[in-house]
Amino acid sequence: MRKVGAFLCGITAAIFMTGCGSVMPDLTEEETEIISEYAVGVLLKYDRVYSGRLMSVAEYEMEENRKAEREAAASVERPAEEENAVEEDTAADTEVVDVSQDTGAEAAVASTIEEYYGIQNITFQYTGYELTDSYPSGDEGDNVFFAMDATEGMQLLVLKFTATNVGSGDQALDMMEHGARFRVSVNGGSGENTLTTMLLNDLQNYKDVIPAGSNVELVSIVEVPQGATIESIALTLRGAEGSTVINLQ
């Protein structure tokens with residue numbers, strides 16, 4: 001490269017000296033072309049105005065790559081925007097129907113205590129009720145662990161259930177583990193929570209093992225006004241999944 005530069009410098013100097021009476025050397029066509037390219041390069045190098053506007057090949061390729069990337073990104077964004085627009089139009093044309101308040105829609109409702117609480121191998125059967133001033137009654141002797149009396153002007157409505165082990169082996173039953181809670185509505189009233197008791201056979205708190213093929217009597221108690229006539233009884237089962245109503249009678 002240095003040899004070529006030196007050669008070109010010599011040729012250029014020879015050209016400039018022609019004005020002083022020097023003889024212009026004979027040049028081949030190739031040498032003339034080389035000198036022309038060199039001269040143009042020198043002029044462009046020192047022409048600040050031109051060089052400020054001149055873009056190198058590397059810069060040109062970089063700019064073209066950036067342009068291609070911007071066009072590619074734009075082509076990806078446009079279909080996404082068009083898709084969103086279509087979805088918005090579709091959503092605007094879609095009618096939302098709330099069937100939660102539709103009386104015609106029927107939901108699956110548990111019809112038994114064991115079904116609602118998911119109790120296996122145990123069935124519960126409502127057997128009737130008793131109206132009394134105290135429970136258990138005094139004729140059970142001194143074996144009563146806990147007894148309760150109705151408050152003044154009220155009487156106890158004792159709902160009775162039979163829990164039967166229908167499995168092939170002994171079955172533990174823990175109603176508290178199932179989160180059992182009850183509410184009793186009499187004659188279509190608003191309902192009252194069953195009383196919290198220490199009765200060993202309280203349906204809401206019962207915990208024991210029932211032998212295979214055996215059954216136990218469990219009770220659930222609320223207070224009603226003295227002398228009330230019982231026409232209908234509804235038992236509301238409550239738990240983690242909400243609530244459901246069983247019409248006992």
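We're numbering straight along the sequence, starting at 1.
Interatomic distance, S185 OG to L248 CG, rounded to the nearest 0.5 Å: 10.5 Å. The CD1 atom of I246 sits 5.5 Å away from the CD1 atom of I113 when rounded to the nearest 0.5 Å. Between the CG atom of L218 and the OG1 atom of T162 there is a distance of 8.0 Å, given to the nearest 0.5 Å. With rounding to the nearest 0.5 Å, the separation of OG1 in T123 from CD in E114 is 5.5 Å. Atom CG of D202 is separated from atom OG1 of T197 by 3.5 Å, given to the nearest 0.5 angstrom.
The heavy-atom pair separating S243 from T236 by the smallest distance is CB-CG2, 4.1 Å. What you find for P136 and A147 is that their closest heavy atoms are CD-CA, 3.7 Å. Taking every heavy atom of both residues into account, M148 and L156 meet most closely at O-CD1, 3.7 Å. Closest heavy-atom contact between Q204 and R181: OE1-CA, 3.4 Å. For I210 against L173, the heavy-atom pair with the smallest separation is CD1-CD2, 4.1 Å. Smallest separation of non-hydrogen atoms from N187 and T229: ND2-O, 2.8 Å.
The only option from T112, N215, I119, T164 that meets the side chain to side chain contact (heavy atoms under 4.5 Å, CB included) definition with F124 turns out to be I119.
Between the side chain of N121 and the backbone N or O of V166 there is no donor-acceptor pair closer than 3.5 Å. Looking at E217, its side chain never comes within 3.5 Å of a backbone N or O of N201 through a donor-acceptor pair. Side chain of R183 to backbone of G191: a donor-acceptor contact under 3.5 angstrom is found. Looking at E223, its side chain does come within 3.5 Å of a backbone N or O of T151 through a donor-acceptor pair.
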Let me see the working for M175 and N205 under side chain to side chain contact (heavy atoms under 4.5 Å, CB included), right down to the final yes or no. CA-CA 6 Å; M175 295 300 291; N205 304 319; over 6 Å; no
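E130 meets the salt bridge (charged side-chain N to carboxylate O under 4.0 Å, His left out) test with K160; sequence neighbours excluded.
Side chains of L159 and F182 form no contact here, defined as non-hydrogen atoms less than 4.5 Å apart.
A chain of hydrophobic side-chain contacts below 4.5 Å, direct or via other Ile, Leu, Val, Met, Phe, Trp or Tyr residues, connects Y135 to L200. Note on V219: it clusters hydrophobically with F146, by side-chain heavy-atom contacts below 4.5 Å among ILVMFWY residues. I230 is connected to V222 through a chain of hydrophobic side-chain contacts under 4.5 Å among Ile, Leu, Val, Met, Phe, Trp and Tyr, so both are in one cluster. Under the 4.5 Å side-chain heavy-atom criterion for ILVMFWY residues, a single connected hydrophobic cluster contains both L235 and L131. Neither V186 nor M154 shares a network with the other; the hydrophobic side chains, linked directly or stepwise wherever heavy atoms of I, L, V, M, F, W or Y lie under 4.5 Å apart, form separate groups for each.
The aromatic rings of Y117 and H178 lie tilted to each other, with the angle between the two planes from 30° to 60°.
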